[in-house]
Protein chains: 2
Amino acid sequence: MDVSPGLRERKKERTRLRIHRAALRLVVEHGLDAVTVEEIAAGAEVSRRTFSNYFAGKEDACLYGDAAHMDDFLATLRARPAHESAWTALRATARTVHAARDLSPDREWVQTTRLALKHPALLGRRLAGRQGFLRETTALLGGRTLPAGMHRPGLLASVFLSALLHGLHEWTEEGTGPLDEVVEAALDEVGAAFTDPAPPP
Amino acid sequence: MDVSPGLRERKKERTRLRIHRAALRLVVEHGLDAVTVEEIAAGAEVSRRTFSNYFAGKEDACLYGDAAHMDDFLATLRARPAHESAWTALRATARTVHAARDLSPDREWVQTTRLALKHPALLGRRLAGRQGFLRETTALLGGRTLPAGMHRPGLLASVFLSALLHGLHEWTEEGTGPLDEVVEAALDEVGAAFTDPAPPP
DNA sequence: CGCAAATATGCCTTACAGGCAATTTTTCAG
DNA sequence: CTGAAAAATTGCCTGTAAGGCATATTTGCG
């Protein structure tokens, strides 16, 4: 018997994922407003009431994958060598997570993003969720060196995140080339101003 | 009789404001979840149904002031001289709007921010609303020169906005010194990296 | 096996968004 | 000034949602 995450926990997680997938599938197909919570519950083969035990609403159910994505990011960032500067660590983390994700069936991230850009309700939840992520990230930046002239780790995290999201959105809307490249380009464009040694004179 | 914005429109606007104020007052006092739409409507002396004619929910009612704030910003930005660089124009607009607002009874902006940081539902709506703002801002940046190495006006707008919000949040949470100064400091900290490519005179 | 804890489900109440139609208010032309 | 058109307010109503509470079911463990 697995005791690592607890056998019970694993079943819970599987259920959560089933609900999430059902939600995503139905909403992608019919639109957010044309799908009821009952339908999602049915699609996941749980009762309406059980749905509410797992998620506060269909929006949260749809965006669960995004939360996992952010957790990945935080775990990876936590593992970066302590001597790296703040920006370098963030940058490297993004690269690592993207590389790992783009191979796996993570077309989902794009799906979710497209949905979020289409449905304000989703976008809102998504962005609200990133606030907590921002806090965590800021905390993990403690002790790392900041770019010249920077004193606020939270500000750096904030700028980093907004660049990341800009890349994601730009690609989702215009679909030019591979996703990675657009995101990386956006990060580099901002990063040029934040490289560690000193910004170009 | 005023015909400037139309007499009818002005009454509508007054009603909208009354609802907004009632919502804000009640939510600040009792918390978002402890206030029903009916109570807000009663507080504004309109019917429950009329509330729905003006706002899609209590969150929107609370955040109406924020929308006005963003409109102010856009109007001011639109009026900046065309020869200014993108960052300079943004920076100047922020200064102007803050100066104009801080004298007026705009304690409300802070109230709203505090509320938003307390209630995820509010934060979400607020952030979703800023997405449209971002688009407009990006459009207004067209034709202006960007910092060296920058090609994406939308990226610049995004970074600018995130710095602005970071300042606002930092101040709201830690309350160190005057609001203006914290926001300006955050903007300057990022701006140092984005000063115009123009050679010094 | 058999009990205790965690989980799933059903029922129920409150709340909310928005369609529709009737009613009142505002505007404007004659 | 007056009456009709336009717009706004309101009430009624329906479908949907969130979550408390109690019960049944499943799971973990001695």
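Model, not experiment: these values are computed from the prediction. Below, chain A is the first sequence line, B the second, and so on; all start at residue 1.
Here A/Y54 lies in heavy-atom contact (under 4.0 Å) with sugar-phosphate atoms only. Using a 4.0 Å heavy-atom criterion, one finds that B/T36 contacts the sugar-phosphate atoms exclusively.
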Practice task
Test A/Y64 against A/Y54 for ring-ring contact (aromatic ring centres under 6.0 Å, His included), laying out the working first.
Solution key: CA-CA 10 Å; A/Y64 176 62; A/Y54 280 91; 9.5 Å; no
Exercise for the section: Please assess A/W171 against A/H166 for the test ring-ring contact (aromatic ring centres under 6.0 Å, His included), listing each intermediate value before the final yes or no. Expected result: CA-CA 8 Å; A/W171 183 86; A/H166 175 89; over 10 Å; no
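Direction change of the helix axis from one end of the helix from C/dC1-D/dG30 to C/dG30-D/dC1 to the other is 20°, with five pairs defining each end axis (rounded to 10°).
Side-chain nitrogen and oxygen atoms of B/K12 include none within less than 4.0 Å of the OP1 or OP2 phosphate oxygen of D/dA7. At least one side-chain nitrogen or oxygen of A/S47 sits closer than 4.0 Å to the OP1 or OP2 atom of C/dT9.
The nearest whole Å value for the distance from the CD atom in A/E45 to the C1' atom in C/dA8 is 14 Å. Atom CZ in A/F51 sits about 19 Å away from atom C1' in C/dC11, given to the nearest Å. Taking atom CZ of A/R16 as the reference point, atom P of C/dA6 lies 16 Å away to the nearest angstrom. For the pair A/E13 CD and C/dA6 C1', the interatomic distance rounds to 16 Å; values are reported in whole Å. To the nearest angstrom, C1' of D/dA7 lies 10 Å from CD of B/E9. Here the C1' atom of nucleotide C/dA17 and the CG atom of A/L32 are 14 Å apart, to the nearest Å. Distance CZ (B/R10) to P (C/dT25): 20 Å, rounded to an integer number of Å.
Side-chain proximity of B/R49 to C/dC16, C/dC20, D/dA17: nearest is C/dC20. Closest to the B/V37 side chain, of the nucleotides D/dA8, C/dA17, C/dA8, is C/dA17. Ranking D/dT9, D/dG19, C/dT9 by closeness to the B/T50 side chain, first place goes to D/dT9. Closest to the side chain of B/N53, out of C/dT9, D/dG19, D/dT10, is D/dT10.
Residues B/R14 and B/K11 are in side-chain contact: their nearest non-hydrogen atoms beyond the backbone lie under 4.5 Å apart.
Not a single donor-acceptor pair, N or O on each side, falls under 3.5 Å between the base of D/dA17 and the side chain of A/R48.
Using modelled atom types and a 3.5 Å distance limit, the side chains of B/T96 and B/T93 yield no donor-acceptor pair. With no hydrogens or angles considered, no side-chain donor-acceptor pair links B/H169 and B/E173 at under 3.5 Å. Between the side chains of A/R80 and A/T76, no donor-acceptor pair is found at a separation under 3.5 Å.
A side chain to side chain donor-acceptor pair (under 3.5 Å) with B/T113 is found for one member of B/E108, B/R126, B/K118 and no other, namely B/R126.
Comparing A/S52 and B/K11 along DNA chain D, the residue whose closest nucleotide (by nearest heavy atom) sits nearer the 5' end is B/K11.
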